[in-house]
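These notes are about the structure you will find just below.
Chain letters run A, B, ... following the sequence lines, proteins first, then strands; residues in each count from 1.
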There are 2 protein chains.
Amino acid sequence: MIAHAQPELTKNQALVFGSLSDAGGPLTAYAILDLLRENGFRAPLQVYRALDKLVEYGMVHRLESLNAFVACSHKGCAEHGTAAFAICEICGDVSEFTPDEVIKLLKEWTQAEGFTLARTTIELRGTCRDCISQPN
Amino acid sequence: MIAHAQPELTKNQALVFGSLSDAGGPLTAYAILDLLRENGFRAPLQVYRALDKLVEYGMVHRLESLNAFVACSHKGCAEHGTAAFAICEICGDVSEFTPDEVIKLLKEWTQAEGFTLARTTIELRGTCRDCISQPN
DNA sequence: GGAAGTGGTGTTATATTATTACATACTTTC
DNA sequence: GAAAGTATGTAATAATATAACACCACTTCC
Ligand SMILES: [Zn+2]
Ligand SMILES: [Zn+2]
Ligand SMILES: [Zn+2]
Ligand SMILES: [Zn+2]
């Protein structure tokens, strides 16, 4: 079994990551703050600083169109390429996937343009299968 | 795609669209508000309401990762499919393009998943050709 | 040992982005 | 004209994010 060295998380980072993992879906920074008040969190910066690191480590993704954050859905958050997200506007469910062919095409575009790509945001908004089939 | 006849703009919509066109790049809602104070704008809602309509008409795009808005770069804002944006983090330049093959692949993914797609966000962050070649 | 550097934390205050709520006016439709 | 729909103006507030400063723990280097 290949063990990717997970970074050693600080107390606050571990608390924030735990909140997101337990939630099983996206949370805003302020929602995390409220969840962690009983753990001693008092200010938004405590959340944002932890999130910055977790995003840097690839363990958490930021959803730009929601201003929210979600734990990476991959087991152990093994490193993976750019992720895309399908966000259901009815139930709030978020599906993460890695559209490698899409990424490849976008990279080709950037190379043709001389654009140096740092990071890519792909977010699909719509209605998930369950919510479509539900009458309400 | 949806056929948008070029709609008749109201006074406020025309002012907001003019600001974005003149800017030639992305502006935040509050930057637009400041530009239009001399035209009688007093409150953010005047901007946001106009932007809502302009986005609906397809004449303006929202850049989720910037919380900003940009006039569609297509002449006369002719109808086009989902757009993607390459955003230079040095100079702020935004290039709009329509990666049809990428959109096609993403649609295939949503169809396989039973996800009903409403809208798609694709934003590339990085450094444009000019800023890479510049020493500073 | 001690200085300097680095990274995490705590706290207050503030900046930035977006919406709610309510009132007024005008137009279209019946 | 009444009703419905759309655009507007204004004040207040909500939601999201950062700046500034202080303190502590640890390491590195002399
Ligand atoms: Zn992931
Ligand atoms: Zn759903
Ligand atoms: Zn466009
Ligand atoms: Zn540039």
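Atoms NZ (B:K11) and C1' (D:dT8) sit 9 Å apart, rounded to a whole Å. D:dG9 atom C1' lies 13 Å from atom CG of B:L33, rounded to whole Å. Put simply, CD1 on A:I32 is 11 Å from P on D:dA17, counting in whole angstrom units. Between the CG atom of A:N39 and the P atom of C:dT9 there is a distance of 13 Å, rounded to whole Å. The distance between atom OH of B:Y48 and atom P of D:dT8, rounded to the nearest whole Å, is 17 Å. Between the CG atom of A:L45 and the P atom of D:dC21 there is a distance of 14 Å, given to the nearest Å. Between A:L51 atom CG and D:dT18 atom P there is a gap of 11 Å when expressed in whole angstrom units. Protein atom CG of B:L54 is 11 Å distant from nucleotide atom P of D:dA7, rounded to whole Å.
In this structure, the side chains of A:D130 and A:I90 stay at 4.5 Å or more apart for every pair of heavy atoms. Looking only at side-chain heavy atoms (C-beta outward), B:F41 and B:N12 come within less than 4.5 Å of each other.
Of the two residues near DNA chain D, B:A50 and A:P44, the one whose nearest nucleotide lies more 5' is B:A50. Nearest-nucleotide assignment on DNA chain C puts the 5′-proximal partner with A:K53, out of B:R62 and A:K53.
Residues A:L9 and A:V70 do not share a hydrophobic cluster, defined by chaining ILVMFWY side chains whose heavy atoms lie under 4.5 Å apart.
The backbone N or O of B:H74 lies less than 3.5 Å from no partner atom in the side chain of B:E96, so there is not a single donor-acceptor pair. Under a 3.5 Å cut-off, the side chain of B:Q111 and the backbone N or O of B:E108 do not form any donor-acceptor pair.
Residue B:A43 is in base contact, counting any heavy-atom pair closer than 4.0 Å across all strands shown.
Nearest to the side-chain atoms of B:F69 among the listed nucleotides D:dT8, C:dT17, C:dA18 stands C:dA18. If you check D:dT10, C:dA18, D:dA17 against the side chain of B:Q46, the one that comes closest is D:dT10. In the set D:dA17, C:dT11, C:dA18, C:dA18 carries the atom at the smallest distance from any side-chain atom of B:Y30. Closest to the side chain of A:T28, from the set C:dT19, C:dG10, D:dT16, is D:dT16.
Residue B:N12 places at least one side-chain N or O under 4.0 Å from the OP1 or OP2 atom of D:dG9. A:T10 has no side-chain polar atom (N or O) that falls below the 4.0 Å cut-off from OP1 or OP2 of C:dG7. For the pair B:N67 and C:dT16, the criterion of a side-chain N or O lying under 4.0 Å from OP1 or OP2 is not met.
Between the side chain of A:R49 and the base of C:dG7, no donor-acceptor pair of N or O atoms lies under 3.5 Å.
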